[in-house]
Every structure is written in C-alpha cells, then in structure tokens.
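Accompanying notes for the structure given below.
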Amino acid sequence: MAQKPSIPKGTRDFNPEQVAKRNYIFSTIKSQFETFGFQPIETPSFENSDTLMGKYGEEGDRLIFKILNSGDYLSKVNDDLYAEKNSNKITPKISEKALRYDLTVPFARYVVQHQNDIEFPFKRYQMQPVWRADRPQKGRFREFYQCDADVVGSDSLWQEVEFVQLYDNVFTALGLKDTTININNRKILSGIAEVIGASDKLIDFTVALDKLDKIGEEKVKEEMLSKAIPQSGIDKLQPLFSLAGSFDGQIESLKDILSTSEEGKKGIEELEFINNAINTLGLKSAKLQLDVTLARGLNYYTGAIFEVSAPEGVKMGSIGGGGRYDDLTGIFGLKNVSGVGISFGLDRIYLVIEELGLFPETITKSTEVLFINFGDNEALFSLKAIKVLRENGVNAELYPDKITNGKHMKKQMNYANKRNIPFVVLMGEEEMNSEVYTLKNMNTGDQTKLDLTALIKAVK
RNA sequence: GUGGUUGUAGCUCAGCUGGUUAGAGCGUCGGUUUGUGGUACCGAAAGUCGCCGGUUCGAACCCGGUCUUCCACCCCA
C-alpha cells in the first residue's frame, strides 16, 4: 500500500452513523430556534482579515487561520519588511482573508452591511462550521460547528429570559436532563472591580476570579496580588469567596458588596429581573444558577453572560455560551445597536450525548428491504417491485451484482446482515414465474411467499 | 504559544535489558454449504513497526528531528 493518506490535525471524517447522529442534534436545535421565531442566515467560510482581526483579543488573533493571497504574494513584500522577519508585520501583507473564527462577528458584519434591509429587532440563527488554530484536545477541534441564535436591535431583558428558556428547551429535547445554565453579568464584575479599586485591571481580575473552581481561593488571591491588585481590595472580596447556595441568597450578598457601585447595582437588577421571570415561567429540566466567577468572552459582552456546562460526571468544557453585547456592531460603524445571543457547541453536545448513551436508536434508519439479485431477468422484475415500494415510502434497494454460477448468495445475505437491513426479498426464477415474492425477516429468519400488495403491507 | 504523552495488520493491542523469517484477538477473503445471513469448524491474504535521519556488526526497541493522538497550561464550543 502507498503512503496512507491523512487529514489535518484537529479535523475529522464522519461516517454514516455519525452523520445521522449529528443531523439529529442539528434538526433538534434548528426546530427549537424556529419555534422561538429565529430565521436562518449563512455567511461565507472566510472573511476579509480586517473583519476578524482584533475582535477576539490577542489570543484570538493567534488562533485565526489566515489564508495566503493568491499569486506570487512574497514578491509584493518590500525588502526591509522581509528582512525584519516579523511574522505579525508580514502577515497582513501576504494574507488578506481568514477563516471564520466564530459566528458572532460575521453576524455583526452582516447586520451592518445589510442594515437597510433588516427589520429590527432582528432574530437570526446560524449553524455553520468555524475554525480555530488551537491545539486539539478532547472536545476541542480545529474545525467544529457552532449553532448560534442572536437578537440585535433590542435591549429588552425579555430576550435574556427567552434565551434561558431556549437553552432549556433544546437540552430537554435532546434528553440531556439537569443541565446547569450559569449566568452572570459583566456589570457585576465591573462593579466588584470598582469596589476593590481595580477598575483598570478588570480583565486580570476576572481572569483570576474565573479560576476559583479550578485552583481554589488561595491561588486566586495570589494571582490577583501578582497582577498588582491591592491587598485591601482582595480583603473586600472575602464575602465573594463564601458566596454559595441559592440565587436569591447570592443576590443578597452581592447587594451588600456592591452597595457603593451604581454599575454593580444595575447588574444585580438585571439578574433579578431574569431570575424572577424564570421562576414564574418555570424550566423543564435545566437549572438556572448564578455564578459570579463566570467571566467569559469579556472582549465584547457588556451585560448578561451565559455558560452551559455539561451534566455532572461528564468531563467536558462548556457546551454552550452567550451573552449581551451592547455595541458589537459599533466596531463596524453602526452605533447603539444592542445584541444578545447564545451558542450551542454541536461537537461537544455530540460527545456528551454519546458518552451518556442518549442517542435514540431510531435515528440511523437506512434501507428496509434488500432484493437479492439472481440475474438480469430477475433484477429487472425486482426493480419493478422496488419502484412500487419506493412510491409507498419504503426504502428499498437491489443488490447490484448478480449471483454467478450460483455463488455469492451468501455474500448478498451477509451484506443485508451487516447493514442491519431488516427484510430481504428473494426473487428468483421460481418466484418470477408464479409472481410471488419470498420475504425473509432477517431478525427471525421466517420466510413467507407474498404478492406485491401483501409485501408492501408486511414491510411498512 | 508552553510542558508532557502516543503511534506496530482494516480495528484493538502483545512484542523482555537492542539479537534469526514481527505475533494474537476481532474483522476481511475462500472453503465445509452451486437458493439462504447470524453460529461452528478448516484455510488464506494482509505490516516500509507514523515519517526522515543518526548510533550500532545488528534497531519496532537507543538518540535527534518531524507529523499525529491524548493530557495539563493558555484560551475556549
């Protein structure tokens, strides 16, 4: 055999069974999106580099796949720049396009570009692959699908409430019980930073706080100290570390801590609004939990922050996330348009459902009836019956190669067996002459001779 | 981007401190069975030991590089 072919790091092939399972997740999410009134759009796989660069922070820029210009791109780089060997400076000269890194920024671009044709508030959903030059791990790929739903052009908190319900509906429909929807608010994080005198170090502060679950209270304090957050401020955080329990209980503690911060108080108000509404409306199977350490996507979120973690016992990063961004389109020149949205990580959801064994068995439906091919005369006769079966909505097929010298019957039966085809029809010379079909049930091994009408009935 | 880990037949994996022709199970193909699959028995095919280079009389095994896998950071879905 020649050199075995391979695919790039972090990419995957999907076999028929995997595609069926993925489609099951896609269609479940899609139908929930549509139930909530979202409309689909699609955007190109790649965008102009300046649309994407700088939107995800320094870290994000590093992870964007850049596409080389066509033609003799190096000849257009001037000698001084080339001699400098600085990748960051040369990259913009030789690459003017890049693969989409998420669906939110291209959506913002779409909204700005088509603002005159869009009826606001605009509720769109989008399910497309995105690419990141990340180092792969479990549940972490370089090509993966995001399923996003966003609303732009409304700053109503009812949207946040609806998104919590949407999360709940999707995960309930997928059979993932007891997921936890963690919620926080950027204004609360800003408020806390303000109270402890670290407003200018908001990012360092939240990044450290976010690690509380992982590295513990002491390490978090150490990290904050090392980022030049004053000890006096860290001391004020003490009540925060002991925040636990109910949503309402945490809110009460936060009211104490944030009593001097206008922004913080606004954040508390928003959280209370959402929580009260959800309490009244109820959730099917998910749980809404306040998590003050939740600090994701700080580059553009301004209000609510969502993250859905995998069910207890499954080792997996978040399977969904989202939040409110007051001015996402501002970077493309359209001011004062508020947006809020959530995202589902299809590939991770797949892994979780697989690990928990929650895929329904019925989703990999394929051929229901296989006709054994005895020879050309019989094949033609069989195809007439197959045509009628198909018209009646039965998935039927003829084994393409005929039996020669009486051999290969076994091969055809085996084929049906391996593909889990439940019925086989034997249509040989004998049957053809008497116009009956021998139907074999592959599970029981029973055989019956039937006419076409009875055959259709039997396999339906 | 940092540190570690992994790669042997289609698949899952053995292979001792370097020593003849690299093994097993499953799968595949053929036969027992020329109109009957799953079970059983018999037999066969299938490997550049990820790739490139080095050390050695001799390398799947040791060394370097590279790609890939998984993991911890970073970050994230």
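Treat the numbers as computed from the prediction; the structure is a model and nothing was measured. Every chain is numbered from 1, with letters handed out A, B, ... down the list of sequences.
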For A:Gly60, report the nucleic acid contact type (base, sugar-phosphate, nothing); a contact means any heavy atom under 4.0 Å. nothing

Donor-acceptor pair under 3.5 Å: do we get one between A:Arg140's side chain and the base of B:C74? yes

Classify A:Glu431 by what it touches in the nucleic acid, base, sugar-phosphate, or nothing, heavy-atom distance under 4.0 Å. base

Counting only side-chain heavy atoms from C-beta out, which of B:G35, B:C75, B:G37 sits nearest to A:Asn414? B:G37

Pairwise distance OH(A:Tyr110) to CG(A:Leu103) - rounded to 0.5 angstrom: 13.5 Å

Do A:Phe306 and A:Phe163 have ring centres separated by under 6.0 Å? no

Is A:Ile319 touching bases, backbone alone, or none of the nucleic acid, heavy atoms closer than 4.0 Å? sugar-phosphate

In whole angstroms, how far is the P atom of B:C74 from the CD atom of A:Glu58? 16 Å

Distance below 4.0 Å between A:Lys440 side-chain N/O and B:U36 OP1 or OP2: no

Contacts under 3.5 angstrom, residues 173-182 of chain A side chains, donor-acceptor by atom type, not counting sequence neighbours:
none

Rounded distance (Å) that lies between atom P of B:U69 and atom CZ of A:Phe141: 10 Å

Around A:Gln18, counting heavy atoms of other residues, nucleotides and ligands shown, do more than 12 lie under 6.0 Å from its CD? yes

Taking B:C76, B:C73, B:G27 as options, the one with an atom nearest any side-chain atom of A:Arg348 is B:C76

Output the rounded distance in Å from CD (A:Glu59) to P (B:G1). 11 Å

Is there a side-chain polar atom (N or O) of A:Gln412 under 4.0 Å from OP1 or OP2 of B:U36? no

The nucleotide from B:C70, B:G37, B:G1 with an atom nearest the side chain of A:Arg62 is B:G1

Any N or O donor-acceptor pair linking the side chain of A:Arg135 to the base of B:G3 at under 3.5 Å? yes

Taking the six-membered ring of A:Tyr101, is NZ or CZ of A:Arg132 closer than 6.0 Å to its centre and within 45° of its axis? yes

Rounded to whole Å, CZ of A:Arg142 lies from C1' of B:C75 at a distance of 14 Å

Return each pair, listed once, that meets side chain to side chain donor-acceptor pair (under 3.5 Å) where at least one residue sits in residues 448-458 of chain A; pairs must be two or more places apart or across chains. A:Thr438-A:Lys449

Distance under 6.0 Å and angle within 45° of the ring axis: does A:Arg124 meet both against A:Phe38? no

Any idea which of B:A72, B:G37, B:U36 is nearest the A:Asn417 side chain? B:G37

Nearest listed nucleotide, side chain of A:Gln137, among B:C74, B:U36, B:U69: B:C74

So which nucleotide does B:G25 pair with, by the Watson-Crick or G-U wobble rule with both distances under 3.5 Å? B:C11

So, OP1 or OP2 of B:U69: does either fall under 4.0 Å of a side-chain N or O from A:Lys138? no

Would you measure the distance from the C1' atom in B:G64 across to the matching atom in B:U21 and give it in whole Å? 31 Å

Using atom P of each nucleotide, how far apart are B:C57 and B:C49 to the nearest Å? 22 Å

Have a look at A:Tyr415 and say if it touches a base, only the backbone sugar-phosphate, or nothing, with a 4.0 Å heavy-atom cut-off. nothing

Expressed as a whole number of Å, how far does the P atom of B:G19 sit from that of B:G4? 28 Å

Using Watson-Crick geometry (N1-N3 plus N6-O4 or O6-N4) or G-U wobble (N1-O2, O6-N3), each under 3.5 Å, B:G64 is paired with B:C52

d(CG, A:Asp134; C1', B:C71) in whole Å: 14 Å

Heavy atoms under 4.0 Å, any strand shown: does A:Gly10 hit a base, just sugar-phosphate, or nothing? sugar-phosphate

A:Lys410 side-chain proximity, nearest of B:U36, B:G37, B:U69: B:G37

Under 4.0 Å, heavy atoms only, any strand: does A:Val207 hit a base, just the sugar-phosphate, or nothing? sugar-phosphate

Result for 5'-nearest mapping on RNA chain B, choosing between A:Asp446 and A:Tyr145, is A:Asp446

When you compare B:G47 with B:C42, how far apart are their P atoms, in angstrom units rounded to a whole number? 25 Å

Touch check for A:Asn420, heavy atoms < 4.0 angstrom, all strands: base, sugar-phosphate only, or nothing? nothing

Taking the nucleotide of RNA chain B with the nearest heavy atom to each, does A:Lys9 or A:Glu430 sit closer to the 5' end? A:Glu430

Residue-phosphate contact under 4.0 Å: A:Lys411 side-chain N/O, B:U36 OP1/OP2: no

